[in-house]
Visitor: 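I have a structure I would like to understand better, so I am pasting it below and will then ask my questions one at a time.
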Amino acid sequence: MGFQQGLSGLDSANTYLDVVGNNIANANTVGYKGSVAEFADVYANTLANSGIQVGIGERTSAVAQDFSQGTTTTTNNPLDIAIQGNGFFRLIQSDGSFTYTRNGQFQLDRNGFIVNQGANLAGYIANSNGVIASGGTPQAIQVQTANIGALATGASNQANAGLTLGMNFNATAPIINQGTKNVSISGLTLDITGGSNPSIYTTRIIDSSGQMHNLQVQVTNVSPNTWQVQTQLDNSGTWQTTPTPLVFNATGQPQSGTTQAITYTLAAQSPAYGTTPLSLNLNFSGVTEAAATAQGTIGTDDTAISNATIDVFNANLNAASPNGTTQVYSASLLDPNGTTHAVQVTLSKSTTNAWAASYTIDPAGAAITGSSNTPLIFNSNGLLTSGTPVAASFQYGTDPVSGNPLNMTFNINLSGITQQTSATTVGSTETRSEPQVTPSDPTTYTSSTSATVYDAQGVSHTLTFYFTKVGVNAWETQTSMDGATPVLQPSYVTFGANGQLVGGGQLSYAGMIASPSGAQNPLAFNTYFTGTTQLGSPFSVNKLSQDGYADGSLTGLTINANGTIQGNYSNGQNRTIGQITLFNFTNPQGLQSLGGNQWAATFASNQAIQGVPGTGDLGTLQSGAVENANIDLTKELVNMITAQRSYQANAETIKTQDQILQTITSLR
């Protein structure tokens with residue numbers, strides 16, 4: 001029996017050396033898990049007294065793998081991935097079978113699949129919107145290396161899609177008045193005898209914010225050659241007397257008071273933004289005094305009259321409305337004679353995303369009607385892309401001298417209307433008349449800034465904003481696309497007494513792209529002034545973002561700790577590609593080693609349990625790192641010495657048994 005014991009010991013020691021040698025050989029193999037030789041004693045079956053049983057040696061009961069964590073080494077390759085904790089990567093072989101590995105040395109093959117030794121890495125795939133549908137059967141992860149394509153500003157499915165611009169407006173900036181500065185009465189002859197005189201002149205004037213007002217001027221004889229001048233604003237019933245009377249000399253020529261300064265403190269507008277003074281001059285230099293009467297005319301130097309606009313904003317048309325649905329918006333308008341006219345704008349849905357526009361002036365009286373030749377067209381995001389502004393005109397009087405008709409033209413701006421699948425909202429209407437700012441003349445506006453936006457073909461455009469302080473806590477906005485003539489935007493940007501934004505925080509922008517662009521025209525999107533304030537510090541931009549982008553190519557990959565894979569593109573965009581899944585087993589030591597740092601599931605290991613990194617008992621991932629073999633070389637060298645000594649000792653038992661047999665055979 002001694003030979004059997006020694007031989008079994010030699011065999012076990014040899015296996016021990018094989019295991020140790022294999023561990024040492026794979027000390028630098030990424031993801032390798034060391035093995036441990038496990039031995040058991042051997043006893044022969046016998047009916048003898050168990051107290052005197054002598055074993056017949058040992059056997060190798062198992063070579064078990066140690067799945068403890070290995071140390072990690074960082075690399076410069078984002079596709080080198082280390083698992084921190086439990087779990088295995090699943091590899092999909094060419095025949096569709098699965099293997100599992102801890103070796104995270106991955107690469108991209110010619111088709112964009114993430115591979116390890118020719119097998120594809122498994123995970124969840126993101127859809128075209130970057131949303132990952134988890135929970136299904138993991139598939140081979142493929143990185144699309146083609147260009148990402150372009151997206152127009154405002155065309156994404158993100159919340160608040162479009163342009164976001166956060167600023168601070170200088171609260172100490174002065175009000176810029178581009179309204180009426182001079183009102184002149186010319187051709188008037190006042191009756192020196194005190195006879196019948198024209199008493200009241202009426203005209204339209206514009207305040208600094210572009211609002212229209214009715215101004216009445218009354219001239220009354222109070223003493224020889226002296227006339228009192230009074231004014232009334234917006235038919236208030238209160239007449240305000242100017243400090244200086246109009247005085248003539250003996251020949252009937254103006255002697256003093258030909259220029260009369262008047263100032264009104266305006267009541268709060270709608271939307272309310274506080275009060276602002278209205279200051280202008282009355283000019284009587286063309287007035288004479290004689291024993292006769294001439295009617296004369298009143299006029300203004302108002303450059304804003306030709307830019308009269310009725311704005312409709314913060315309004316929505318329900319996209320689900322049936323064809324034939326109508327929506328009416330009401331506003332009022334002053335003609336140059338100061339007469340108020342009611343205006344009704346009617347939209348009628350003709351087809352999907354299309355509405356016909358018409359208008360009626362003075363509907364309760366001698367109605368004047370008109371319509372737009374271009375229907376309102378909305379895009380898939382519910383933004384208006386064509387049909388605005390609507391040009392309107394009407395005859396408001398007749399020239400008393402020539403007898404020619406007097407016509408007034410104005411625009412109806414509908415860019416503040418959207419078509420969303422939600423309840424119809426009437427919104428607000430506002431009549432304004434403001435001249436365009438002059439970009440080269442900074443005295444015509446208070447502050448300006450620019451943003452880059454993109455059309456549907458990925459071409460960048462410069463959108464410049466001109467902000468003008470037109471009242472206390474009130475600013476108007478004009479925009480210019482690629483240096484084109486600035487366009488007045490509806491509503492005001494308004495602030496409360498604490499400098500926080502209270503109105504005008506969003507505008508629906510639609511701007512034409514100059515030829516020869518072939519992109520969708522106009523470029524339409526929402527602009528948000530979220531976070532904008534009015535404080536006592538210089539104008540500044542503290543936030544600028546937009547969702548459009550130019551075409552871009554793949555420049556790199558980023559893999560997060562939870563396994564999410566993002567593609568990084570040359571246009572600064574990031575796109576979610578997929579998510580790596582991990583798998584674990586009830587009994588990892590039951591896995592079958594296949595070589596190449598791969599294992600296969602067996603009945604002993606039980607089925608693979610899938611999940612995403614960082615959930616359950618699964619570990620997390622570290623990109624740009626690999627997991628080293630969990631081999632302690634010092635320990636293995638000691639084990640090798642131990643195995644060597646065991647081998648030598650077992651050889652000695654065979655040698656001793658041989659010597660005993662020789663002694664027995666030499667007996668005579």
Side-chain angles (χ1 to χ4, degrees), residues 77-81 89-90 92 104 106-109 111-115 120-164 379-383 420-421 451-460 519-520 523-526 528 530 543-582 610-615 618 620-624:
N77 179 13
L79 285 176
D80 285 340
I81 310 169
F89 299 111
R90 172 180 278 184
I92 304 175
F106 294 100
Q107 305 88 30
L108 289 180
D109 69 6
N111 296 316
F113 288 99
I114 301 177
V115 298
N120 297 330
L121 175 64
Y124 300 129
I125 309 301
N127 62 20
S128 58
N129 294 323
V131 178
I132 299 173
S134 59
T137 301
Q139 306 173 39
I141 301 176
Q142 185 178 25
V143 177
Q144 297 296 334
T145 56
N147 286 13
I148 193 175
L151 184 72
T153 299
S156 72
N157 293 322
Q158 301 174 4
N160 297 333
L163 174 66
T164 299
N379 64 17
S380 59
N381 291 330
L383 298 180
Q420 308 288 345
T421 307
T452 299
V453 294
Y454 294 89
D455 63 26
Q457 294 182 348
V459 178
S460 63
Q520 181 179 1
L523 177 58
F525 54 87
N526 285 330
Y528 304 91
T530 306
K543 183 178 183 180
L544 176 61
S545 64
Q546 56 87 42
D547 60 341
Y549 50 81
D551 187 26
S553 57
L554 183 68
T555 58
L557 296 172
T558 299
I559 301 175
N560 298 326
N562 65 354
T564 302
I565 304 173
Q566 287 188 324
N568 306 320
Y569 294 84
S570 58
N571 56 3
Q573 295 300 304
N574 299 319
R575 176 167 293 181
T576 300
I577 295 171
Q579 187 174 25
I580 299 171
T581 51
L582 292 182
Q610 75 181 47
V612 296
T615 61
L618 297 174
T620 58
L621 302 185
Q622 181 179 348
S623 177

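For this chain, numbers begin at 1 and follow the sequence in order. Because the structure is a prediction, the values reported are computed rather than measured.
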Visitor: Test your reading of the model: is there a side-chain donor-acceptor pair from Asp547 to the backbone of Gly162, 3.5 Å cut-off?
Guide: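 Present.
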Visitor: In chain order, what residues pass the ring-ring contact (aromatic ring centres under 6.0 Å, His included) check against Phe106, with sequence neighbours excluded?
Guide: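 Counting only residues at least two positions away or on another chain, Phe106 forms a ring-ring contact (aromatic ring centres under 6.0 Å, His included) with Phe89.
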Visitor: Kindly give the heavy-atom pair with the smallest separation between Ala519 and Ala456, and that separation in Å.
Guide: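 Closest approach of Ala519 to Ala456, heavy atoms only: CB-N, 4.1 Å.
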Visitor: Let me confirm one number: the CD1-CG distance from Ile114 to Asn120, rounded to the nearest 0.5 Å.
Guide: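 Between Ile114 CD1 and Asn120 CG, I get 9.5 Å after rounding to 0.5 Å.
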Visitor: Distance-only check: which donor-acceptor pairs under 3.5 Å involve side-chain atoms of residues 134-150, not counting sequence neighbours?
Guide:
unit_1	atom_1	unit_2	atom_2	d
Gln142	NE2	Asn111	O	2.7
Asn147	ND2	Asp551	OD2	2.9

Visitor: Specify the closest pair of heavy atoms between Asn571 and Gly552, including all atoms of both residues, with the distance to one decimal.
Guide: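 Distance-wise, the nearest heavy atoms are ND2-N, 3.5 Å.
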Visitor: So do Thr452 and Thr153 actually touch side chain to side chain, heavy atoms under 4.5 Å?
Guide: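 When only atoms from C-beta onward are counted, Thr452 and Thr153 do not touch, as no gap falls below 4.5 Å.
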Visitor: To the closest 0.5 Å, what do you measure between CG (Asn160) and CG (Asn526)?
Guide: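 Reported to 0.5 Å precision, the distance equals 8.5 Å.
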Visitor: Side chains of residues 574-581: which donor-acceptor partners sit under 3.5 Å, not counting sequence neighbours?
Guide:
unit_1	atom_1	unit_2	atom_2	d
Arg575	NH2	Tyr549	OH	3.4
Gln579	NE2	Asn562	O	2.8
Thr581	OG1	Ala122	O	3.4

Visitor: Taking all atoms of both residues into account, what is the closest heavy-atom pair of Leu163 and Ser545, and its distance?
Guide: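 Taking every non-hydrogen atom into account, CD1-O, 3.3 Å.
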Visitor: Does any part of the side chain of Tyr528, heavy atoms only, come nearer than 4.5 Å to the side chain of Lys543, both counted from C-beta?
Guide: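 Side chain of Lys543 against side chain of Tyr528, heavy atoms only: no contact under 4.5 Å found.
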Visitor: Could you give the distance from CD1 (Ile559) to CD (Gln566), rounded to the nearest 0.5 Å?
Guide: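 Between atom CD1 of Ile559 and atom CD of Gln566 there are 10.5 Å.
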Visitor: How would you list, by chain and number, every residue that makes a side chain to side chain contact (heavy atoms under 4.5 Å, CB included) with Thr555, sequence neighbours excluded?
Guide: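 For Thr555, the residues satisfying side chain to side chain contact (heavy atoms under 4.5 Å, CB included) (neighbours in sequence not counted) are Asn568, Ser570.
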Visitor: With sequence neighbours left out, what residues match Tyr454 under ring-ring contact (aromatic ring centres under 6.0 Å, His included)?
Guide: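 None.
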Visitor: If only atom types and distance count, is the side chain of Asn560 paired as donor or acceptor with the main-chain N or O of Gly563 below 3.5 Å?
Guide: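 Not a single qualifying donor-acceptor pair exists.
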Visitor: Suppose we screen for side-chain hydrogen bond (donor to acceptor under 3.5 Å, both in side chains). Which residues come up paired with Thr164, at least two apart in sequence or across chains?
Guide: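 Result, side-chain hydrogen bond (donor to acceptor under 3.5 Å, both in side chains) vs Thr164: none returned.
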Visitor: Identify the two heavy atoms, one from Asp455 and one from Leu523, that lie closest to each other, and give their separation to 0.1 Å.
Guide: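 Looking at all heavy atoms of both residues, the shortest contact is CA-CD1, 4.0 Å.
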